[in-house]
Amino acid sequence: MEKLSALYASALFELAVQRGLTDEFLSQSVFIHDSLQDDECRQVLVHPHIPAQKKQELFSKVFGKYVNKDLLGFMNLVAEKNREEFLLPALTELIEMIERHKGKIKSTVYFASTISESQLAEMKTTLSKKLNKIIDISLKVDPSLIGGPYIFIDGYYIDWTVKTRLRDLIIHMKEGCGA
């Protein structure tokens, strides 16, 4: 499934870049993706007894006035080929491709407790400067970390948590004691 989704996304990405429509494709892909996240929408989308023509009519009615004809054409093609399950993964991949193209990367940061908006803004600024990219941070809380951040960013992780430092200290002490 990932391969076909990636092929669809790559084709749409190339089209967006060639036509200078990356901003339009990005905002509209997010709109479509978010609109179809609802469980009821997904059930209709992949329902085997709803004909492709009805799904295409629904796409035109709901999205026709708001999205680029090429994105709408992609949605109609997916319905025609009975590959509706590839629509959301392909849109997700397309969104990520365009964001990478624009120098934006996503990051997930775990803290033991919530942090203030100013701390979050400072972290975004620091990471953006270090990586020379626009950083979109998703903040998660994991009390087991005790303190310090655990950061996933662009395929890498940075672990400055107290939990890990304590674990490393224990391992180091055991090795030093010959245990």
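Here the structure is a predicted model, which means the values were calculated and not measured.
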Under 4.5 Å between any side-chain heavy atoms of S144 and K163, yes or no? yes

Does E57, at its CD atom, have more than 12 non-hydrogen atoms belonging to other residues, nucleotides or ligands within less than 6.0 Å? yes

Nearest non-hydrogen partners of D136 and K104, listed with the distance: CB-CE, 3.7 Å

Can you list the steps and then say if R42 with Q37 is a side-chain contact (heavy atoms from CB on, under 4.5 Å)? CA-CA 7 Å; R42 277 190 292 202; Q37 281 298 320; 3.8 Å; yes

Minimum heavy-atom distance P89-S5, with the two atoms named: CB-OG, 3.4 Å

Supply the atom-to-atom distance L91 CG to F86 CZ, rounded to the nearest 0.5 angstrom. 13.5 Å

Does any non-hydrogen side-chain atom of F13 lie less than 4.5 Å from one of E93? no

With a sphere of 6.0 Å drawn around CG of N132, does it hold more than 12 non-hydrogen atoms of other residues, nucleotides or ligands? no

Decide whether V17 and V30 are clustered together by the hydrophobic rule: side chain heavy atoms of Ile, Leu, Val, Met, Phe, Trp, Tyr closer than 4.5 Å, transitively. yes

List, by chain and then residue number, the residues other than L131 in its hydrophobic cluster (Ile/Leu/Val/Met/Phe/Trp/Tyr, side-chain heavy atoms under 4.5 Å); write none if there are no others. I105, V109, F111, I115, L120, M123, L127, I135, I137, L139, I151, I153, I158, W160

Could you tell me if the side chain of K102 sits less than 4.5 Å from the side chain of L26, heavy atoms only? yes

Search all heavy atoms of A112 against all heavy atoms of G147 and return the closest pair with its distance. CB-N, 3.7 Å

Are I134 and E99 side-chain neighbours, meaning at least one heavy-atom pair lies under 4.5 Å? no

Classify the side-chain pair H47/Q43 by whether it contains a donor and acceptor separated by less than 3.5 Å. no

With no hydrogens and no angle check, do the side chains of T161 and T164 hold a donor and an acceptor under 3.5 Å apart? yes

Using the rule that two of Ile, Leu, Val, Met, Phe, Trp, Tyr join whenever any of their side-chain heavy atoms come within less than 4.5 Å, decide whether V44 and L77 are in one cluster. yes

Residues K133, D154: salt bridge by 4.0 Å N-O rule: no

Would you give the length of the straight line joining atom CZ of R165 to atom CD1 of I170, rounded to the nearest 0.5 angstrom? 14.5 Å

Is the shortest heavy-atom distance from the side chain of L145 to the side chain of P143 under 4.5 Å? no

Between L7 and M97, is there a shared hydrophobic cluster once you connect ILVMFWY residues whose side-chain heavy atoms come closer than 4.5 Å? yes

For a salt bridge (charged side-chain N to carboxylate O under 4.0 Å, His left out) check, start with the C-alpha distance between D70 and R19, then their side-chain angles and the critical distance, and finish with the verdict. CA-CA 11 Å; D70 294 314; R19 296 190 179 163; 2.3 Å; yes

For residues I50 and L88: do they belong to one hydrophobic cluster (side chain heavy atoms under 4.5 Å, members Ile, Leu, Val, Met, Phe, Trp, Tyr)? yes

Check the side chains of S116 and Q119 for a donor-acceptor pair under 3.5 angstrom, ignoring hydrogens and angles. yes

Closest approach of K55 to L45 (non-hydrogen atoms, all atoms of both residues): NZ-O, 2.8 Å

Please verify the inter-ring angle class for F59 with F63; under 30° counts as parallel, over 60° as perpendicular, anything in between as tilted. tilted

Tell me whether E80 at atom CD has more than 12 heavy atoms from other residues, nucleotides or ligands lying less than 6.0 Å away. yes

Run Y150 and K140 through side-chain contact (heavy atoms from CB on, under 4.5 Å) and show every step you take. CA-CA 10 Å; Y150 188 85; K140 308 276 183 179; over 6 Å; no

Under a single-linkage definition using a 4.5 Å side-chain heavy-atom cutoff for Ile, Leu, Val, Met, Phe, Trp and Tyr, are L21 and Y66 assigned to the same hydrophobic cluster? yes

Can a side-chain donor-acceptor contact be found between H101 and T22 if the only test is distance below 3.5 angstrom? no

Please test L72 against S60 for side-chain contact (heavy atoms from CB on, under 4.5 Å), starting from the C-alpha separation and ending with a verdict. CA-CA 7 Å; L72 189 60; S60 291; 4.2 Å; yes

Nearest non-hydrogen partners of I32 and M75, listed with the distance: CD1-SD, 3.7 Å

What one should report as the nearest heavy-atom pair of T108 and Y110 is CG2-CE1, 3.5 Å

For residues S29 and L71, determine if any side-chain heavy atom of one lies less than 4.5 Å from a side-chain heavy atom of the other. yes

Taking the side chain as C-beta and beyond, is there a heavy-atom pair between L169 and M173 under 4.5 Å? yes

Non-hydrogen side-chain atoms of K106 and S138 separated by less than 4.5 Å: no

Distance-only donor-acceptor check, side chains N68 and E24, under 3.5 Å: yes

